[in-house]
Amino acid sequence: MDELLQRLRQEGRQDDSGNFTLNPERAREVMAQYQSASPERYPLMFVAAACRLRASGLTLTDESCFQLEDAVLKPSEIEGLFCHLLTDGPLRYLGMGMLMAEKLEASWVKLSCGGTQLTLKQGKTLVEKAIPGPLRIEVRGKRHWFRSGKVPMAPGRVLRNWARLSPIPITIDGAQLERAYRPREPLLGTLVVGDLPVNAPGLVERLPSPGDYRAALTVGSPGNKETGTNQDVPMPGQVWCVVDGVTYSAPGLLPYWVRGVIDTPLARPDLTLSSIVQTEPIKALASELLDLLAGLIDTLADERNPEAADEIRSYAAWRGGPLGVRLLNKVLEFPGLSDDVLSLTLMQTAEMEAKCELAEAAEAHLRRALELIRERPRRIEALFRLGQLLRAREAPDEEHVGVMSELLRLLDKVGRSDSRTMEVLEVLAKRAEGEEARTYNKRLLDARESVQGSNHPDLAPILNRLARLCARSSPLDAEHYRQRSLEIWSYNQGRGCEEPPDQR
């Protein structure tokens with residue numbers, strides 16, 4: 001934006017203190033480099049202008065003539081139209097719409113109102129008198145109207161795709177456009193907030209709007225595979241915002257498992273007029289809407305439909321806390337869940353229960369998951385979490401060692417040697433008995449030495465344990481470990497180092 005303003009200022013002039021006027025010719029040249037990457041959306045600029053001008057409607061005829069009913073412009077506004085490309089308002093929309101149409105290589109674009117006409121042709125403008133009449137924009141396309149080898153989308157289809165939620169009526173060749181949000185199937189449910197017109201199949205829950213906005217959030221499986229400009233509803237994981245009757249993309253504003261549309265005065269399109277600027281207020285509104293979605297998700301959970309399991313699990317993960325735990329426990333009761341989905345849900349439930357300090361329930365769910373999981377990486381994860389719970393509740397050594405021993409065997413099979421492996425060895429070295437204890441402590445000692453060197457204080461406890469374990473069966477080894485511990489004690493002058501055991 002700074003670069004754009006600087007380039008525009010180079011060709012402007014100062015009228016008086018506090019006022020600045022753009023050179024229209026220079027403004028058009030520079031804006032052409034920054035404007036929408038989808039110039040076929042130019043009809044939407046005329047919809048937005050009509051909304052700002054409080055027109056009673058917009059009429060499109062012959063895919064080329066737009067009439068803004070009961071909207072009026074002054075002759076001076078028409079003459080200086082392109083001086084307002086950086087000013088928020090209807091004149092900017094009209095100017096950008098004309099530039100976008102020209103970018104599609106239109107033969108010419110004409111705007112007329114009252115008795116003044118502005119013609120844009122081959123980068124030049126001409127203002128002249130015309131027959132008095134309503135505000136009209138006419139776009140004359142070339143015989144072969146192509147852009148990058150593709151025929152641009154027809155204006156009528158553009159309006160049907162992205163102007164369905166316009167507050168003013170839109171008429172296309174005599175037929176009025178149905179102004180409603182129409183999400184496609186397959187759907188599980190739709191939450192409608194406020195008086196937004198929605199025509200949706202399946203479960204629909206309506207709530208009054210707690211703020212100055214309207215919205216529809218749709219939960220469903222990703223069945224819509226269409227991409228590109230032919231898409232007329234949000235894909236799963238997308239949300240659209242309505243600004244001045246036009247829907248703009250806001251990718252990533254909502255999580256992947258929900259799509260929707262939000263009509264809010266907080267939204268503003270970016271400089272390309274193709275998506276919204278995701279400000280902190282918009283993000284906060286999206287979070288508020290997800291909170292309101294709880295009722296619909298709860299209803300879906302009560303229906304016990306296995307097809308809704310993924311969306312409910314995703315919402316529970318986002319929400320967390322007691323509500324998330326309650327939703328996940330409902331999913332566990334769904335009939336017909338595959339072992340894969342059931343084991344994933346069990347692990348997710350256990351993780352969330354552990355965070356909520358429901359250790360007993362978390363442990364039970366992890367043990368149930370281990371009965372189903374055969375895949376090695378997921379089994380490793382489940383065993384590691386179970387080990388953490390056992391350590392937290394100070395489980396008996398035998399129980400803890402059994403779980404950690406299996407975990408270590410799996411880690412060895414996949415060839416992992418990382419902090420997690422070291423943590424498992426630490427537990428086994430302290431809790432195992434007999435020959436197993438010596439084996440684990442020797443392995444832990446080797447692992448620590450390879451990372452920390454031969455004189456690190458952390459080696460002393462391991463050496464001392466080995467000295468005690470070998471005291472009866474192998475006194476020479478015991479003395480060797482004790483002497484090494486004594487050397488480390490001396491090297492570190494006793495600071496932060498465990499004392500070596502007595503010679504006795």
Approximate separation, where rounding is to 0.5 Å, of [X] [atom1] and [Y] [atom2]:
{"X": "C113", "Y": "L135", "atom1": "SG", "atom2": "CG", "value": "5.0 Å"}
{"X": "L111", "Y": "T116", "atom1": "CG", "atom2": "OG1", "value": "10.0 Å"}
{"X": "R304", "Y": "K330", "atom1": "CZ", "atom2": "NZ", "value": "11.0 Å"}
{"X": "L94", "Y": "R52", "atom1": "CG", "atom2": "CZ", "value": "11.5 Å"}

Using the side-chain contact (heavy atoms from CB on, under 4.5 Å) rule, pick out the option among [options] that qualifies with [X].
{"X": "L327", "options": "L300, I297, T349", "value": "I297"}
{"X": "E381", "options": "E375, E351, R420, R376", "value": "R420"}
{"X": "R259", "options": "T218, T190, L254", "value": "T218"}

Legend entry - Side-chain heavy atoms of R140 within contact of E138, under 4.5 Å: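 Yes, their side chains come closer than 4.5 Å.
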
Inset, instruction - Report yes if the side chains of L207 and E205 come closer than 4.5 Å at any heavy-atom pair, otherwise no. - result: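 In contact.
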
Inset, instruction - Using the six-membered ring of F46, assess whether NZ or CZ of R136 lies under 6.0 Å from its centre and within 45 degrees of the ring axis. - result: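 The answer is no, since R136 fails at least one limit relative to F46.
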
Inset, instruction - Determine, for Y181 and R164, whether the Lys NZ or Arg CZ falls below 6.0 Å from the six-membered ring centre while staying within 45 degrees of the axis. - result: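 Not flagged: R164 not positioned over aromatic ring of Y181.
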
Would you check if the side chain of [X] reaches a backbone N or O of [Y] as a donor-acceptor pair within less than 3.5 Å?
{"X": "Q278", "Y": "P251", "answer": "yes"}
{"X": "E353", "Y": "A362", "answer": "yes"}
{"X": "R179", "Y": "P167", "answer": "yes"}

Inset, instruction - In sequence, state the C-alpha distance, the side-chain angles, and the governing distance for V158 and N161, and then conclude on side chain to side chain contact (heavy atoms under 4.5 Å, CB included). - result: CA-CA 5 Å; V158 172; N161 285 358; 5.9 Å; no

Inset, instruction - Verify side chain to side chain contact (heavy atoms under 4.5 Å, CB included) between L337 and V331, making sure each step is shown before the conclusion. - result: CA-CA 9 Å; L337 291 180; V331 174; 4.2 Å; yes

Inset, instruction - Carefully, step by step, assess S343 and R378 under the rule side-chain hydrogen bond (donor to acceptor under 3.5 Å, both in side chains). - result: CA-CA 9 Å; S343 62; R378 286 173 57 192; 2.3 Å; yes

Inset, instruction - Flag the pair W240 / Y248 as yes when their ring centroid distance falls below 6.0 Å, and as no otherwise. - result: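 No, the ring centres sit 6.0 Å or more apart.
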
